[in-house]
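The structure under discussion appears below in the form of structure tokens.
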Amino acid sequence: MLDPLFQIKVTCACCEETFQTSRVRPSFKKAVHRDSDFCSHYNSVNPDFYVVRVCPHCGFASTEHFTEKLSAKQRLAYDKKVGNRIITRAFAGERTQSDAMECYKLALLCGQAIDEKDRVIAGLLHHIAWLYRYMGNKEQEKRFLAFAVEAYIRVFETERDSLSNARLMYLIGELHRRLKQYQEAVRWFGRVIQDKNITDASMIRASREMWQSIREEIMNEGLEMPEEMKETGA
């Protein structure tokens with residue numbers, strides 16, 4: 001039977017040593033379900049467990065979206081804030097859910113230490129929330145969703161010209177919805193629906209669906225309807 005994992009060689013952005021890390025073969029990346037915030041669920045191996053690469057030489061953890069090569073200042077910051085405090089480990093083989101969590105949290109520490117881009121940090125926070133979702137830990141999932149939505153908003157404020165605004169705005173709205181911050185969720189979904197410059201039909205449709213979902217949730221919970229929902233429909 002074909003092994004779902006295969007090895008690739010990568011060069012550490014920090015110490016520039018090469019090492020092996022596992023990836024999941026494309027034929028095994030078939031999700032059985034996808035949540036409204038793009039979290040995928042799998043029957044077998046989860047590709048998300050292998051996104052983070054951890055250098056066994058210096059301990060630096062990153063993803064393919066990280067800076068390719070650290071500057072001397074970033075390397076010093078990593079050593080001071082993270083590198084001098086960790087015991088290096090190899091994560092080259094099969095990973096458990098616990099291993100994946102350790103890798104993501106290490107990547108988050110590394111990213112924050114070197115002042116990595118907000119969109120990279122936001123992605124790590126969101127993935128950690130997904131890992132907690134897989135574990136059924138709703139309290140920690142919501143905690144990291146809250147961190148993620150703050151980071152995504154910073155991305156929108158600083159990088160909106162270089163990214164897909166529709167998907168990003170939808171995601172910000174959806175994380176607010178999941179946190180039951182309905183007023184903010186409605187505001188972000190409304191921007192996707194009403195902005196004439198947005199032509200992404202799938203994100204407009206998804207925003208309309210979530211808008212209606214919020215209406216139902218508010219009615220079921222006996223809460224006051226946000227002003228935006230009173231004034232206009234989606």
Side-chain angles (χ1 to χ4, degrees), residues 1-32 34 37-135 137 140-141 144 147-148 151 155:
M1 184 176 177
L2 184 65
D3 190 333
L5 302 180
F6 68 99
Q7 297 284 306
I8 62 169
K9 184 181 287 186
V10 296
T11 301
C12 179
C14 183
C15 70
E16 299 184 36
E17 293 282 352
T18 59
F19 62 95
Q20 299 275 347
T21 191
S22 296
R23 298 297 296 270
V24 176
R25 297 184 192 280
S27 58
F28 287 85
K29 293 183 178 182
K30 294 177 182 176
V32 295
R34 199 181 193 202
D37 67 340
F38 310 127
C39 175
S40 295
H41 297 261
Y42 302 86
N43 275 337
S44 56
V45 62
N46 189 331
D48 280 353
F49 287 10
Y50 301 91
V51 168
V52 175
R53 301 95 64 96
V54 182
C55 177
H57 304 288
C58 71
F60 187 75
S62 64
T63 71
E64 61 184 19
H65 300 297
F66 267 60
T67 302
E68 286 188 15
K69 185 178 179 180
L70 302 192
S71 65
K73 181 180 179 182
Q74 288 175 314
R75 198 174 290 117
L76 188 64
Y78 164 70
D79 286 337
K80 181 179 180 181
K81 298 177 182 178
V82 183
N84 291 334
R85 303 179 184 181
I86 64 170
I87 298 172
T88 56
R89 279 186 59 193
F91 289 94
E94 186 177 349
R95 293 179 184 175
T96 63
Q97 206 165 51
S98 178
D99 290 335
M101 182 68 80
E102 188 175 345
C103 291
Y104 272 104
K105 287 192 172 181
L106 181 55
L108 178 62
L109 287 174
C110 292
Q112 291 171 330
I114 66 169
D115 199 23
E116 188 54 86
K117 294 179 287 294
D118 283 325
R119 56 188 161 91
V120 175
I121 300 298
L124 292 170
L125 290 166
H126 199 180
H127 274 80
I128 292 171
W130 290 349
L131 286 173
Y132 279 120
R133 187 177 305 170
Y134 298 142
M135 295 175 178
N137 189 330
Q140 287 298 325
E141 177 195 343
F144 277 89
F147 292 147
V155 175

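Positions are given from 1 along the sequence.
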Looking at every heavy atom in both D99 and R95, which two are closest together, and how far apart are they? OD2-CA, 3.6 Å
Under the side-chain hydrogen bond (donor to acceptor under 3.5 Å, both in side chains) definition, can you give me all pairs with a residue in residues 61-70, not counting sequence neighbours? T67-E116
Reported CG-to-CZ distance for the pair L131 and R133, which is rounded to 0.5 angstrom: 10.5 Å
How would you list, by chain and number, every residue that makes a side-chain contact (heavy atoms from CB on, under 4.5 Å) with R25, sequence neighbours excluded? L2, F6, S27, F28
Partner set under side-chain contact (heavy atoms from CB on, under 4.5 Å) for A113, not counting sequence neighbours: K81, V82
Considering the options L5, N46, D48, which one meets the side chain to side chain contact (heavy atoms under 4.5 Å, CB included) requirement together with V24? L5
In Å and rounded to the nearest 0.5 Å, what is the SG to CD1 distance from C58 to I86? 7.5 Å
Considering only distance and modelled atom types, tabulate donor-acceptor pairs under 3.5 Å from the side chains of residues 12-19, sequence neighbours left out.
none

What are the two closest heavy atoms between K30 and Y42, and how far apart are they? O-CD2, 3.6 Å
Side-chain touch V120/F66, heavy atoms, less than 4.5 angstrom: yes
Report yes if some heavy atom in the side chain of L70 is under 4.5 Å from a heavy atom in the side chain of F60; otherwise report no. yes
With sequence neighbours left out, the residues meeting side-chain hydrogen bond (donor to acceptor under 3.5 Å, both in side chains) with E94 are none
Interatomic distance, CG@L125 vs CD@Q112, rounded to 0.5 Å, equals 7.0 Å
Taking only residues two or more places apart in sequence or in another chain, which ones pass ring-ring contact (aromatic ring centres under 6.0 Å, His included) with F91? none
Q20 meets the side-chain hydrogen bond (donor to acceptor under 3.5 Å, both in side chains) criterion, sequence neighbours left out, with none
Those residues that, when tested against H57, pass side-chain hydrogen bond (donor to acceptor under 3.5 Å, both in side chains) (two or more places apart): none
Evaluation steps, side-chain hydrogen bond (donor to acceptor under 3.5 Å, both in side chains), between Q7 and S22: CA-CA 5 Å; Q7 297 284 306; S22 296; 2.6 Å; yes
With no hydrogens and no angle check, is any side-chain donor or acceptor of D118 less than 3.5 Å from a backbone partner on A151? no
What pairs with A129 under side-chain contact (heavy atoms from CB on, under 4.5 Å), at least two apart in sequence or on another chain? E141, F144, L145
Does F49 have any ring-ring contact (aromatic ring centres under 6.0 Å, His included) partners at least two apart in sequence or in another chain, and if so, which? none
If the condition is side-chain hydrogen bond (donor to acceptor under 3.5 Å, both in side chains), which residues does K105 pass it with, not counting sequence neighbours? Y132
With sequence neighbours left out, what residues match S71 under side-chain contact (heavy atoms from CB on, under 4.5 Å)? K73, Q74
Measure the shortest side-chain to side-chain distance between V54 and E102 over non-hydrogen atoms and say whether it is less than 4.5 angstrom. no
P4 and V45: which non-hydrogen atoms are nearest, and at how many Å? CB-CG1, 3.8 Å
So L106 and V52, do their side chains get closer than 4.5 Å, heavy atoms only? no
Evaluate whether atom CG of N137 has more than 12 neighbouring non-hydrogen atoms of other residues, nucleotides or ligands under 6.0 angstrom away. yes
